[in-house]
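Data block below; observations after.
What's counted below: heavy atoms across the whole structure, side chains too, no hydrogens, waters or symmetry copies. Keep in mind it's a predicted model, so treat the numbers as computed, not measured.
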Amino acid sequence: MSILVTPQTRVLVQGITGSFGARHTKLSLEYGTLIVAGVTPGKGGQLFENTVPVFDTVAEAAAQTGATVSVIFVPPPFAADAILESVDAGLDLVVAITEGIPVNDMVKVKAAMAGTKTRLIGPNCPGIVTPGTGPGSHGGCRIGIAPGYIHKKGSIGVVSRSGTLTYEAVWQLTQRGRGQSTCIGIGGDPINGTSHLDALRMFNDDPETEGIIMIGEIGGDAEERAAEWAAANCKKPIAAFIAGATAPPGRRMGHAGAIVSGGKGTAAGKIAALEAAGIAVAETPSTMADTLIKILKS
């Protein structure tokens, strides 16, 4: 099983003809992702890689191909409108890879999406992967920029604010023979779509996800809220890691949302909340997988 996407998910790519979008579309096609359409205004009627039809609008692409998920490789000034175009088209999921979308734009997007059926992953994220069962886990669904070859089909869910640490946790699991059900990079911007808590709920409801790795970082209170929910509701073992323990207060570290302000959002506070909820916390990034595997074995 998996959450949000499966090998049968029909995907369209907004920004498919740009260099970055084209490169990762090719990688996703090689992975086995069912990419059925691309969208670039003014380039409708073209074929990408001689197989994927390109449309001028998301609505047209979805209507003609049955796509239910969009991935966005659109430059920051236009990315908010691209997200809302997919919302207006009634898609189930939008994965926004774009980094540097203005915060004010995301405030408007968040408000516009309230009450709609569309879920957003990102922005400024690596995307989502549900591994397949073929060689190198090909035949799965890779939406975004994550390296496909590191994944292995299995039963561990991964959710992370950090793309790099997502890859690290996945590779550690794969090297130890532990595959993943679905891996989600939710992004580190102050205003995003899917949260740690959202992912924990979905993994908890997935009958074939046996354990979860949750990776957070300084800034905000998303990890604390997820820990509070998990303590009362989650039936699956969770291992966590919080990045940024040595970051000086008031300085943004890496992600736009990774900043300790007013004494809130510290690594120590997050770790304390996780441990109080009965969640095992890895001391270093190199022990994330081993921390979870130890719990599963016991």
Side-chain angles (χ1 to χ4, degrees), residues 1-7 23-24 26-33 71 95 97 99 121-122 124-188 194 196 199-200 202-203 206 208-217 223 236-245 253-255 258 274 279-297:
M1 291 287 286
S2 60
I3 65 171
L4 295 175
V5 299
T6 73
R23 181 165 80 248
H24 283 287
K26 291 177 184 177
L27 291 171
S28 291
L29 286 167
E30 291 170 4
Y31 193 72
T33 309
V71 57
V95 183
I97 307 302
E99 179 180 2
I121 295 176
N124 188 15
C125 76
I128 180 170
V129 177
T130 289
T133 55
S137 279
H138 281 55
C141 185
R142 171 195 182 269
I143 301 176
I145 61 174
Y149 73 91
I150 67 174
H151 296 80
K152 172 184 172 67
K153 182 69 175 174
S155 60
I156 307 300
V158 178
V159 55
S160 172
R161 280 170 71 177
S162 164
T164 304
L165 289 178
T166 305
Y167 313 151
E168 177 65 25
V170 169
W171 184 238
Q172 287 178 22
L173 289 166
T174 297
Q175 289 291 90
R176 290 156 177 77
R178 298 276 183 161
Q180 307 86 44
S181 53
T182 297
C183 307
I184 312 173
I186 59 175
T194 300
H196 286 105
L200 290 189
M202 290 184 282
F203 283 133
D206 177 26
E208 293 189 14
T209 294
E210 297 178 346
I212 303 163
I213 290 181
M214 183 177 81
I215 303 168
E217 60 188 25
E223 294 86 351
K236 313 284 177 72
I238 304 172
F241 176 74
I242 300 295
M253 304 296 289
H255 289 146
L274 291 164
I279 294 172
V281 180
E283 293 185 2
T284 67
S286 63
T287 61
M288 291 185 292
D290 289 337
T291 299
L292 178 63
I293 291 169
K294 183 178 179 180
I295 303 169
L296 291 171
K297 288 182 176 179

For [X] and [Y], test the side chains for any donor-to-acceptor distance below 3.5 angstrom and give the result as yes or no.
X: Thr130; Y: Thr6; value: no
X: Thr174; Y: Gln180; value: yes
X: Arg142; Y: Thr33; value: no

* **Residues Ser181, Asp206; criterion side chain to side chain contact (heavy atoms under 4.5 Å, CB included); working and verdict** => CA-CA 9 Å; Ser181 53; Asp206 177 26; 4.1 Å; yes
Within this structure, what is the [atom1]-[atom2] distance for the pair [X] and [Y], rounded to the nearest 0.5 Å?
X: Ile279; Y: Ile212; atom1: CD1; atom2: CD1; result: 8.5 Å
X: Ile156; Y: Glu208; atom1: CD1; atom2: CD; result: 12.5 Å
X: Thr209; Y: Leu200; atom1: OG1; atom2: CG; result: 11.0 Å
X: Leu292; Y: Ile238; atom1: CG; atom2: CD1; result: 9.5 Å
X: Tyr31; Y: His24; atom1: OH; atom2: NE2; result: 15.0 Å
X: Ile145; Y: Leu27; atom1: CD1; atom2: CG; result: 11.0 Å

Quick one, [X] and [Y] - any side-chain contact, counting heavy atoms below 4.5 Å?
X: Val281; Y: Phe241; value: no
X: Met288; Y: Glu168; value: yes
X: Ile213; Y: Leu173; value: yes
X: Ile3; Y: Ile184; value: yes

Quick check against the 3.5 Å criterion: does [X] have a side-chain atom that pairs as donor or acceptor with the backbone of [Y]?
X: Arg161; Y: Glu217; answer: yes
X: His196; Y: Ile215; answer: yes
X: Lys294; Y: Ala289; answer: no
X: Gln172; Y: Pro285; answer: yes
X: Lys153; Y: Gly179; answer: no

Can you see which heavy atom on [X] is nearest to which on [Y], and at what distance?
X: Gly127; Y: Val95; result: CA-CG1, 3.7 Å
X: Leu4; Y: Met202; result: CD2-SD, 3.6 Å
X: Phe203; Y: Thr182; result: CZ-O, 3.3 Å
X: Pro7; Y: Gly139; result: CB-O, 3.3 Å
X: His151; Y: Cys183; result: CD2-SG, 3.7 Å
X: Cys125; Y: Ile186; result: CB-C, 3.9 Å

* Thr291 and Glu283: CA distance, side-chain angles, deciding distance, side chain to side chain donor-acceptor pair (under 3.5 Å) verdict -> CA-CA 9 Å; Thr291 299; Glu283 293 185 2; over 6 Å; no
* To do: Check salt bridge (Lys or Arg N to Asp or Glu O under 4.0 Å) between Arg176 and all other residues, then give those that pass, not counting sequence neighbours.
  =>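 Salt bridge (Lys or Arg N to Asp or Glu O under 4.0 Å) check on Arg176 returns Asp290.
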* Starting from the C-alpha separation in whole Å, work towards a yes-or-no answer on side chain to side chain donor-acceptor pair (under 3.5 Å) for Ser162 and Thr164. => CA-CA 6 Å; Ser162 164; Thr164 304; 4.7 Å; no
